[in-house]
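Okay, structure first, notes after.
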Amino acid sequence: MVSMNKPRVFIIGGGGMVGATTAHALASTETVKDIVLIDVAAELVRGQAADLNHATAYSQGVRVRVGSYEDIGPDDIIVITSGRPRQPGQTRLELQEANEAIIRDVTQRVMASGGPAFIVVVANPVDVMTHVAWETSGLPREWVFGTGTMLDTARLRVTLANALDVAQSDVSAYILGEHGDSSFAALSSATVGGLPLAALPRYRPELVETIEDDIRRTAADIIAAKKSTYFGIANVVVKVVQALGQSDASVLPVSTVLQGEYGLRDVAVSVPSLVSSAGAHPVDGYPLSKLELGQLQHSADVVAAAIRHEG
Ligand SMILES: NC(=O)c1ccc[n+]([C@@H]2O[C@H](COP(=O)([O-])OP(=O)(O)OC[C@H]3O[C@@H](n4cnc5c(N)ncnc54)[C@H](O)[C@@H]3O)[C@@H](O)[C@H]2O)c1
């Protein structure tokens, strides 16, 4: 359990786009006091650390440096972004083979230090990689989890807020399941300031009919246009790290290894979870329609098949 509000964060893959952008977001929001980057690309990560340090000159003394696994201590948070990103036209599951070996290797190295407080997995396919990291680490499932559908949920909230002409902060809605092609928008319980979506004057049924495809297309469009996505996921990690530093939990759709919740077992998918200094605890009982429960089961089947290499 993290004992302080401003923890030290290790970013493994910190030389890459997601890792370095995450370091910048953590430093800019002064969420942490120390950021340690680890990457196999030694020159790249050295350059990123120097550049990031210059970005912190006018903030409250956040330090960024290149480090090694031996420096990891029991209060540290590990963020794993090491792994290949998607190429245009590629699905996240197609990254599995290459990234599974990387995640297993870096998790073993992390654990050789005695083990950190938490491991937050970002590398794709994030649900499968979360299961790999959890299994390899031997840590409780509440301490090893993935960012899951937090980015998809951010995209959902932005899309709904724009379409309904309401403040993003008033939208309470989740994308759940796999962070991938089988994810689904759990809209039967979605609200804006407590109001069901259909009560909003600008609501149209077509909006919910097309929203999942629109969001999936957005992610693919960004990759086609600029090769990778990193600003959104960086702020997702900031939110997760902030939640891990607080005793009051935030409800976030992170990917955890479910152990009976929603009838699912030994598979990592996203459901609303309580995230705090006690880790990530999936909440059983988020109200899902019959259709949505079927979609969650399908998503879990897709991820479980990938975990067993049957995908
Ligand atoms: N979960 C999400 O919502 C989400 C969003 C965006 C990207 N991603 C994923 O994040 C990952 C990183 O994306 P990126 O754009 O930063 O890629 P990138 O290629 O820019 O960075 C990856 C970094 O990992 C490093 N690396 C590779 N193997 C390593 C090892 N064994 N130990 C340490 N470092 C190692 C590489 O040297 C590189 O610097 C990808 O898998 C991508 O799909 C996830």
Side-chain angles (χ1 to χ4, degrees), residues 10-25 36-49 51-52 66-69 72 78-110 112 119-133 136 145-156 175-181 183 215-216 218-223 225-240 252-256 268-270 303:
F10 283 68
I11 303 179
I12 302 176
M17 289 310 302
V18 173
T21 313
T22 297
H24 184 246
V36 185
L37 307 180
I38 296 179
D39 202 297
V40 287
E43 267 303 282
L44 177 63
V45 74
R46 194 179 58 76
Q48 295 284 29
D51 194 12
L52 282 159
V66 178
S68 61
Y69 292 93
I72 294 172
I78 312 298
V79 176
I80 301 181
T81 68
S82 52
R84 288 203 194 141
R86 279 201 287 168
Q87 301 302 313
Q90 198 178 28
T91 71
R92 294 180 184 89
L93 283 177
E94 283 164 2
L95 298 170
Q96 179 175 350
E97 203 179 319
N99 288 354
E100 195 166 324
I102 295 174
I103 302 309
R104 191 162 287 121
D105 175 55
V106 302
T107 306
Q108 280 165 353
R109 289 170 193 266
V110 166
I119 298 177
V120 180
V121 182
V122 178
N124 275 318
V126 70
D127 305 291
V128 183
M129 296 306 122
T130 297
H131 193 275
V132 169
T136 307
F145 59 96
T147 49
T149 54
M150 277 189 69
L151 181 57
D152 318 65
T153 295
R155 289 171 177 154
L156 173 71
I175 299 247
L176 301 177
E178 178 204 8
H179 172 59
D181 290 345
S183 67
I215 290 166
R216 265 195 277 277
T218 305
D221 274 357
I222 299 173
I223 288 172
K226 54 175 268 186
K227 304 239 174 356
S228 53
T229 78
Y230 35 87
F231 293 123
I233 186 65
N235 280 14
V236 162
V237 177
V238 168
K239 181 76 190 161
V240 169
L252 304 174
V254 292
S255 181
T256 52
V269 285
S270 289
V303 175

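Every number for a ligand or one of its atoms is a count from 1 in the order of the listing.
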Spell out, as yes or no, whether a donor-acceptor pair under 3.5 Å connects the side chain of Thr81 to the backbone of Gly13. yes
Sequence-distant partners of Glu97, salt bridge (Lys or Arg N to Asp or Glu O under 4.0 Å), two or more places apart: none
Keeping the roles fixed (side chain from Ser270, backbone from Pro253), state whether a donor-acceptor pair exists under 3.5 Å. yes
The residue among Thr153, Thr130, Thr149, Asp152 that forms side-chain hydrogen bond (donor to acceptor under 3.5 Å, both in side chains) with His179 is Asp152
Val122 and its side chain to side chain contact (heavy atoms under 4.5 Å, CB included) partner, picked from Val240, Ile80, Val237: Val237
Measure from every N or O atom of ligand 1 to the protein's N or O atoms and keep only the pairs below 3.5 Å, writing each with atom names and distance to 0.1 Å.
| from | atom 1 | to | atom 2 | distance (Å) |
| --- | --- | --- | --- | --- |
| ligand 1 | 1 (N) | Val122 | O | 3.0 |
| ligand 1 | 1 (N) | Thr147 | OG1 | 3.4 |
| ligand 1 | 3 (O) | His179 | NE2 | 3.2 |
| ligand 1 | 8 (N) | Asn124 | ND2 | 3.4 |
| ligand 1 | 16 (O) | Met17 | N | 3.2 |
| ligand 1 | 16 (O) | Val18 | N | 2.7 |
| ligand 1 | 20 (O) | Met17 | N | 3.0 |
| ligand 1 | 34 (N) | Val40 | N | 3.4 |
| ligand 1 | 37 (O) | Asp39 | OD1 | 2.6 |
| ligand 1 | 39 (O) | Gly16 | N | 3.3 |
| ligand 1 | 39 (O) | Asp39 | OD1 | 3.3 |
| ligand 1 | 39 (O) | Asp39 | OD2 | 2.7 |
| ligand 1 | 41 (O) | Arg84 | O | 2.8 |
| ligand 1 | 41 (O) | Asn124 | N | 3.1 |
| ligand 1 | 43 (O) | Asn124 | ND2 | 3.0 |

For Gly232, does its backbone N or O pair with a side-chain atom of Arg155 as donor and acceptor, under 3.5 Å? no
